[in-house]
Amino acid sequence: MICDASQMTDTWLEKDAQLLWHPYSSLSEPSPVRLVRGASGVRLQLADGVEAIDAMSSWWSVIHGYRNPVLDAALKSQVDDFSHVMFGGLTHEPAIQLAERLVEITPAPLEHVFFCDSGSVSVEVAIKLALQYQVARGYVGRTRMLTVRGGYHGDTFAPMSVCDPVNGMHSLFTGALQEQVFGPQPPAGFDRPADDPELQAWAAAMSAVAASSADEVAAIVVEPILQGAGGMYPYSPACLRVLRSLADEHGFLLILDEIATGFGRTGVLFASEHAGVDPDILCVGKALTGGYLSLAAMLCTAEVAQTVSNGPGGALMHGPTFMANPLACSVALASIDLLLAQDWATRVAEISAGLTAGLAPAAELPGVKDVRVLGAVGVVQLAGPVDMVRMTDAVLRRGVWVRPFRDLVYTMPPYVCTESEIATIGSAITDAIREVG
C-alpha cells in the first residue's frame with residue numbers, strides 16, 4: 001500500500017509529538033510544528049506544500065540564505081579533508097584562518113580567540129575568563145557580574161544568571177543561579193542623545209550600583225545597543241560609553257555579547273561600533289557560520305589573556321570536545337568572506353528602509369504599542385501577549401514564517417532578501433496583526 005504525501009507528513013508529525021521536545025514547549029500541550037522538506041534562498045518548503053519566506057533567518061543566523069553555493073562548496077571541500085579533530089594538542093588551517101579573520105574585523109584591542117560550541121557557551125567562557133582574570137590580579141572577592149535589566153545571554157547556567165531575573169525566561173531557576181548585580185534597563189531609544197535627562201538619570205543610577213558593588217564585581221556583561229530575546233529593545237550608544245567608563249573606573253572587564261547583533265545586523269559590522277567602544281571580551285555566534293553549523297567564539301585582549309595565563313592554573317579552564325570543528329570553521333570563514341565581499345552595509349540599510357515602510361501601517365492598528373526598526377531588525381510590539389499560534393498561522397497564510405514571542409511580532413530577515421520580499425514580510429506581519437488583533 002502506497003501512502004500519499006499527506007499521510008506520510010502526518011506520520012512524521014505523530015512521531016515528532018511522541019519523541020521530541022522542542023524549545024520552550026510543553027510535552028503535555030505542545031505548540032504546533034511544521035515539517036520542512038526543503039529550503040532554498042530565503043524560502044522554506046513545508047511538507048504541506050506551503051512555501052514561505054523565512055523572516056527569522058532561522059533564529060537570526062542564516063544571513064546568506066539556504067543552500068548558498070559558496071557556503072555549500074566550503075563545507076564539501078572540508079569534508080574531503082577531514083570533518084573533525086580534537087583541538088587539544090592539535091590544530092588545523094580552518095581554525096587558524098578563521099581566528100585571523102575574526103581578529104582582523106573585530107575591535108582592534110581583541111587579539112586572541114577561543115572557539116566554542118554555541119553562543120551560550122561563549123558567554124559561559126567569557127564569564128569564567130573574567131573571574132579567572134580578577135583572581136590572577138589578586139581580587140579573589142570579585143565573583144559577580146554587573147549587568148542591566150532586560151538582557152538575555154543564553155540558556156546555560158552562567159548566562160541565565162545575567163539574564164533579566166524577573167521578566168526573562170529563567171525566573172524558575174531563582175535561588176539556583178549565582179546572584180548577579182543588576183542595574184536599571186537603559187532608557188529605550190537608539191537615537192536618544194547623551195544629554196537626555198532620562199539617560200543621565202540612568203547613568204547616575206548605574207554609577208551608584210557600580211560604586212556600591214565595586215569590590216565584588218568582576219565584569220560588566222551586556223548586549224550592545226540591542227537587547228535581543230529579552231524584548232528586541234534598542235538603546236542609545238551613549239549608554240555603552242557610560243558602561244565602558246564605569247568598567248575603566250572600577251577595574252571591571254567589559255564583556256559585550258554580540259551573538260545576535262554581530263555581522264551587520266544593526267547596520268554596522270558589530271553593534272559596539274555605534275558607540276565607538278571597544279570591549280575587553282567579545283562573544284559572537286549565530287550568523288558566524290551563516291546558519292550552517294553551530295559555532296561561536298570568544299575574543300579577548302592580549303592583556304586579559306596574558307594576565308590569566310600567568311595566574312593560578314596558568315590556563316583558561318574550559319575545553320569543549322567540538323571546539324574549532326573544522327567543518328564549522330571552514331563554512332564560517334566562507335560566510336565572513338562572502339559578507340565582506342559585498343556592500344553589506346547598503347543592503348542592510350535597504351532592508352531597514354523596507355521594513356520601516358512595510359511595518360509603519362501597523363502603528364495605527366488597535367492593540368499595537370510600538371513599531372521600531374534598527375538595521376535589519378523590525379519589531380511590532382503589542383499592548384498585550386501575542387497569541388503565538390494564531391499569529392504564526394496568520395502570517396504563514398501570507399507566505400511568511402515568523403516566530404512571535406511575549407508581546408512581539410518581529411523579523412530579522414536574511415540579507416539576501418529582495419526589495420519585494422522585504423515588502424511581503426512587512427505587509428504579511430501588518431495584515432496578520434490586523435486580522436488577529
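The figures here come from the full heavy-atom set of this structure, side chains too, leaving out hydrogens, waters and symmetry mates. All values reported here derive from a predicted model rather than from experimental measurement.
In this structure, Q78 CD and N325 CG are separated by 8.5 Å, a value rounded to the nearest 0.5 Å. Rounded to the nearest 0.5 angstrom, Q180 CD and S161 OG are separated by 3.5 Å. Taking CH2 of W401 as the reference point, atom CG of L46 lies at 8.0 Å (rounded to 0.5 Å). One finds the CG atom of L299 at 5.0 Å from the OG1 atom of T106 (value rounded to the nearest 0.5 Å). To the nearest 0.5 angstrom, I422 atom CD1 is 10.0 Å from S352 atom OG. A distance of 10.5 Å separates CD in E100 from CG in L102, rounded to the nearest 0.5 Å.
Of all heavy-atom pairs between V181 and S213, the closest is CG1-OG, 3.6 Å. Between P193 and L199 the shortest heavy-atom distance is O-CD1, 3.6 Å. Between E51 and Q45, the shortest heavy-atom contact is OE1-NE2, 3.5 Å. Of all heavy-atom pairs spanning R244 and D278, the tightest one is NH1-O, 2.8 Å. For V395 against A432, the heavy-atom pair with the smallest separation is CG2-CB, 3.4 Å. G228 and E223 get closest at one heavy-atom pair: N-OE2, 2.9 Å.
Side-chain atoms of E124 come within 3.5 Å of backbone N or O of A158 as a donor-acceptor pair. The backbone N or O of S25 sits less than 3.5 Å from a side-chain atom of W21, completing a donor-acceptor pair. Using modelled atom types, no side-chain atom of W60 and backbone atom of K286 make a donor-acceptor pair closer than 3.5 Å. Checked by atom type and distance alone, the side chain of S335 never pairs as donor or acceptor with a backbone atom of V331 at under 3.5 Å. No donor-acceptor distance shorter than 3.5 angstrom exists from the side chain of S207 to the backbone of A203, with no hydrogens or angles considered. Formation of a donor-acceptor pair under 3.5 Å by the Q132 side chain with backbone atoms of L129 is not found in this model. Under the 3.5 Å distance criterion, the side-chain polar atoms of R398 are matched with a main-chain donor or acceptor of A394. For the pair R43 (side chain) and G399 (backbone), a donor-acceptor distance under 3.5 Å is absent. In terms of modelled atom types and a separation under 3.5 Å, the side chain of S61 and the main chain of T289 share no donor-acceptor contact. No donor-acceptor distance shorter than 3.5 angstrom exists from the side chain of Q97 to the backbone of L333, with no hydrogens or angles considered.
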Side chain to side chain contact (heavy atoms under 4.5 Å, CB included) assessment of L240 paired with Y235: CA-CA 9 Å; L240 207 56; Y235 63 89; 3.9 Å; yes

Pair L382-V368, side chain to side chain contact (heavy atoms under 4.5 Å, CB included): steps then yes or no: CA-CA 4 Å; L382 306 182; V368 171; 4.1 Å; yes

Given the rule in the side chain to side chain contact (heavy atoms under 4.5 Å, CB included) test, do M56 and Y410 qualify, once you have shown the distances and angles that lead to the verdict? CA-CA 8 Å; M56 305 303 294; Y410 76 100; 3.0 Å; yes

Can L365 and V380 be said to form a side chain to side chain contact (heavy atoms under 4.5 Å, CB included), step by step? CA-CA 11 Å; L365 297 177; V380 180; over 6 Å; no

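Residues R434 and D431 are paired through a salt bridge, judged by an N-O separation under 4.0 Å between the basic side chain and the carboxylate. For the pair R34 and D48, the salt-bridge criterion is not met [side-chain N within less than 4.0 Å of a carboxylate O]. In summary, D343 and R347 do not engage in a salt bridge, as defined by a charged side-chain N under 4.0 Å from a carboxylate O.
Side chain to side chain, Y66 and S58 meet the donor-acceptor criterion of an N or O pair below 3.5 Å. S120 and S118 are not linked by any side-chain donor-acceptor pair at a separation below 3.5 angstrom, with hydrogens and angles left out of the test. Between the side chains of T261 and E258, a donor-acceptor pair is found at a separation under 3.5 Å. In this model, no donor atom of one side chain and acceptor atom of the other lie less than 3.5 Å apart for S31 and H22. The closest side-chain donor-acceptor pair between Y152 and D257, if any, does not fall under 3.5 angstrom. In summary, the side chains of Y133 and E303 do present a donor paired with an acceptor at a separation below 3.5 Å, with no hydrogens or angles considered.
By the neighbour-count criterion of 12 heavy atoms within 6.0 Å, atom CD of Q178 is densely surrounded, having more than that number from other residues, nucleotides or ligands. Around atom CD of E104, more than 12 heavy atoms belonging to other residues, nucleotides or ligands sit under 6.0 Å away. Counting heavy atoms of neighbouring residues, nucleotides and ligands inside a 6.0 Å radius, atom CD of E419 does not exceed 12 of them. The local environment of CZ in R67 is sparse, with at most 12 non-hydrogen atoms from other residues, nucleotides or ligands closer than 6.0 Å.
Side-chain contact check for L355 versus P413: some heavy-atom pair is nearer than 4.5 Å. A heavy-atom distance below 4.5 Å is found between the side chains of V148 and W202. Inter-residue side-chain proximity for L269 and L340 is flagged as met; some heavy-atom pair is nearer than 4.5 Å. Two residues are said to be in side-chain contact when any heavy atoms from C-beta on lie closer than 4.5 Å; V268 and I225 fail this criterion. Within the 4.5 Å cutoff, side-chain heavy atoms of W59 are placed close to those of P23. At a threshold of 4.5 Å between non-hydrogen side-chain atoms, the residues M323 and V121 do not count as touching. Considering only heavy atoms from C-beta on, F182 comes within 4.5 Å of T147 through its side chain. Annotation: side chain of I63 is not in contact with side chain of W344 (no heavy-atom distance under 4.5 Å).
Of the candidates L295, D81, L75, L327 forms a side chain to side chain contact (heavy atoms under 4.5 Å, CB included) with just one, namely L75. Checking V284, L282, L288, V123 one by one against I259, the side chain to side chain contact (heavy atoms under 4.5 Å, CB included) holds for a single residue, V123.
Using cut-offs of 30° and 60° on the angle between ring planes, the pair H84 and F322 is tilted.
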